[in-house]
2 protein chains.
Amino acid sequence: MPIQLKHSRQRDALLSLLQSVYSHPTAEWLYENLKMDFPNISLATVYRNLNLLCEQGMAMRVDVGDDKNHFDANTKNHYHFLCKGCRSVIDVSNEELSDVNLPVEEKFGFKVDTHSLVFFGLCDKCR
Amino acid sequence: MPIQLKHSRQRDALLSLLQSVYSHPTAEWLYENLKMDFPNISLATVYRNLNLLCEQGMAMRVDVGDDKNHFDANTKNHYHFLCKGCRSVIDVSNEELSDVNLPVEEKFGFKVDTHSLVFFGLCDKCR
DNA sequence: ATGAAAACGATAATGATTATCATTATTAAG
DNA sequence: CTTAATAATGATAATCATTATCGTTTTCAT
């Protein structure tokens with residue numbers, strides 16, 4: 001008996017908003033912007049649906065260590081860069097960094113499923 | 001006028017406890033264990049002194065994305081592995097993974113100061 | 001010994017997120 | 001087109017790690 005999803009205008013709007021931006025917004029930012037179309041939307045609804053979208057694989061959580069989650073509709077494998085100046089989160093392709101897991105598997109005998117890699121510095125606007 | 005540190009038995013005990021363990025304890029764990037010698041110690045004292053030790057470079061914060069900070073008296077550059085089974089945090093040397101920042105600098109034109117790299121999987125006991 | 005300032009313990013406050021719960025919206029079946 | 005089930009909502013309380021506040025205690029140079 002997996003939970004049978006029902007349609008929701010709020011969830012639709014959330015997903016298309018998330019898909020329309022290149023930034024990696026927080027729940028709070030999405031909440032503020034959804035208020036344009038849904039003046040009565042609740043922050044709880046935003047969190048609920050973000051969790052749903054992540055479970056469904058239509059979005060992913062981006063943790064850059066700034067104590068709040070960011071969200072990304074691009075679920076393809078890639079890394080992120082956090083600018084210490086403007087605090088923006090920027091995509092970084094991971095083509096050049098394949099097989100990072102391998103040396104850890106081999107040297108320590110751990111089974112490495114995934115890794116998290118975040119870069120910190122100044123973006124081209126802030127440097 | 002930089003803050004003039006004064007000696008504190010609680011801070012001494014915190015540092016030597018942290019230096020004596022290979023795990024990467026949380027503030028809560030350190031607090032519970034310091035109670036042996038300081039029954040009246042406050043959790044605030046533990047947090048205060050952990051922040052101080054980090055500022056002084058005698059300890060470092062380890063963020064593995066589990067919503068609480070871990071602490072490490074080994075401030076030499078190394079990575080961490082989080083076991084999804086026993087939730088323990090294990091050191092990983094970074095010898096095999098030098099120059100991770102470089103490709104990002106070159107390709108995106110960002111000034112990359114640091115990066116955070118955490119591995120997830122099962123340790124040799126849990127796999 | 002003494003006084004300024006650091007550190008303390010207790011505890012309230014914060015901020016992001018989750019849980020609760022009464023009400024509303026969606027949807028499949030009659 | 002009703003209706004009944006159940007998912008989703010909005011409002012808000014609760015949670016949990018961490019920080020701030022504040023009156024009291026320690027530390028330490030004088």
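Residue numbering restarts at 1 for every chain, and letters A, B, ... go by the order of the sequence lines. Both backbone and side-chain heavy atoms feed into the values below; hydrogens, waters and symmetry mates do not.
Rounding to whole angstrom units, NE2 of residue B:H7 and C1' of C:dC8 are separated by 15 Å. In this structure, the NZ atom of A:K68 is 9 Å from the P atom of C:dT17, given to the nearest Å. In this entry the distance linking CG of A:D12 with P of C:dT26 reads 10 Å, nearest Å. Rounded to whole Å, atom C1' of C:dA16 lies 12 Å from atom NE2 of A:H70. For the pair B:D67 CG and C:dA16 P, the interatomic distance rounds to 13 Å; values are reported in whole Å. With rounding to whole Å, B:R48 atom CZ is found 14 Å from D:dC22 atom P. Going from atom CG of A:L43 over to atom P of C:dT17 covers 9 Å, rounded to whole Å. Computed from coordinates, the A:L14 CG to D:dG10 P distance equals 12 Å when rounded to whole Å.
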Taking it one step at a time, do B:D63 and B:H70 satisfy side chain to side chain donor-acceptor pair (under 3.5 Å)?
CA-CA 6 Å; B:D63 178 2; B:H70 297 251; over 6 Å; no
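In the model, B:D72 has a side-chain atom that pairs as donor or acceptor with a side-chain atom of B:H78 under 3.5 Å.
Remark: the A:K6 side chain and the C:dA25 base include no donor-acceptor N/O pair separated by less than 3.5 Å.
A sub-4.0 Å separation between OP1 or OP2 of C:dA7 and a side-chain N or O of B:N49 is absent. Dashed line: the shortest gap from a side-chain N or O of B:N40 to OP1 or OP2 of C:dC8 is not under 4.0 Å. Residue A:Q10 places none of its side-chain N or O atoms closer than 4.0 Å to OP1 or OP2 of C:dA25. Here B:S42 does not reach the OP1 or OP2 of C:dC8: none of its side-chain N or O atoms lies under 4.0 Å away. Contact annotation: B:Y47 side-chain N/O to D:dT18 OP1/OP2 distance is under 4.0 Å. When the side-chain nitrogen and oxygen atoms of B:N69 are compared with OP1 and OP2 of D:dA17, none of them lie within a distance under 4.0 Å. In this structure, A:S8 reaches the D:dT9 phosphate: one of its side-chain N or O atoms is under 4.0 Å from OP1 or OP2.
Here the two rings, on B:H115 and B:Y79, have centers that are under 6.0 Å apart.
In this structure, A:E28 reaches neither bases nor backbone, as no heavy-atom distance under 4.0 Å exists between it and the strands shown. Using a 4.0 Å heavy-atom cutoff across all strands shown, A:R11 reaches sugar-phosphate atoms only and no base atom.
Listed nucleotides C:dA19, C:dT18, D:dT9 differ in distance to A:N51; the shortest reach to its side chain belongs to C:dT18. Comparing atom distances between the A:Q4 side chain and each of D:dA7, D:dT12, C:dA16 picks out D:dA7 as nearest.
Between B:K68 and B:E28 there is no salt bridge, since no side-chain nitrogen of the basic residue lies less than 4.0 Å from a carboxylate oxygen of the acidic one.
The line from CZ of A:R11 to CD of A:Q56 is 7.5 Å long, rounded to the nearest 0.5 Å.
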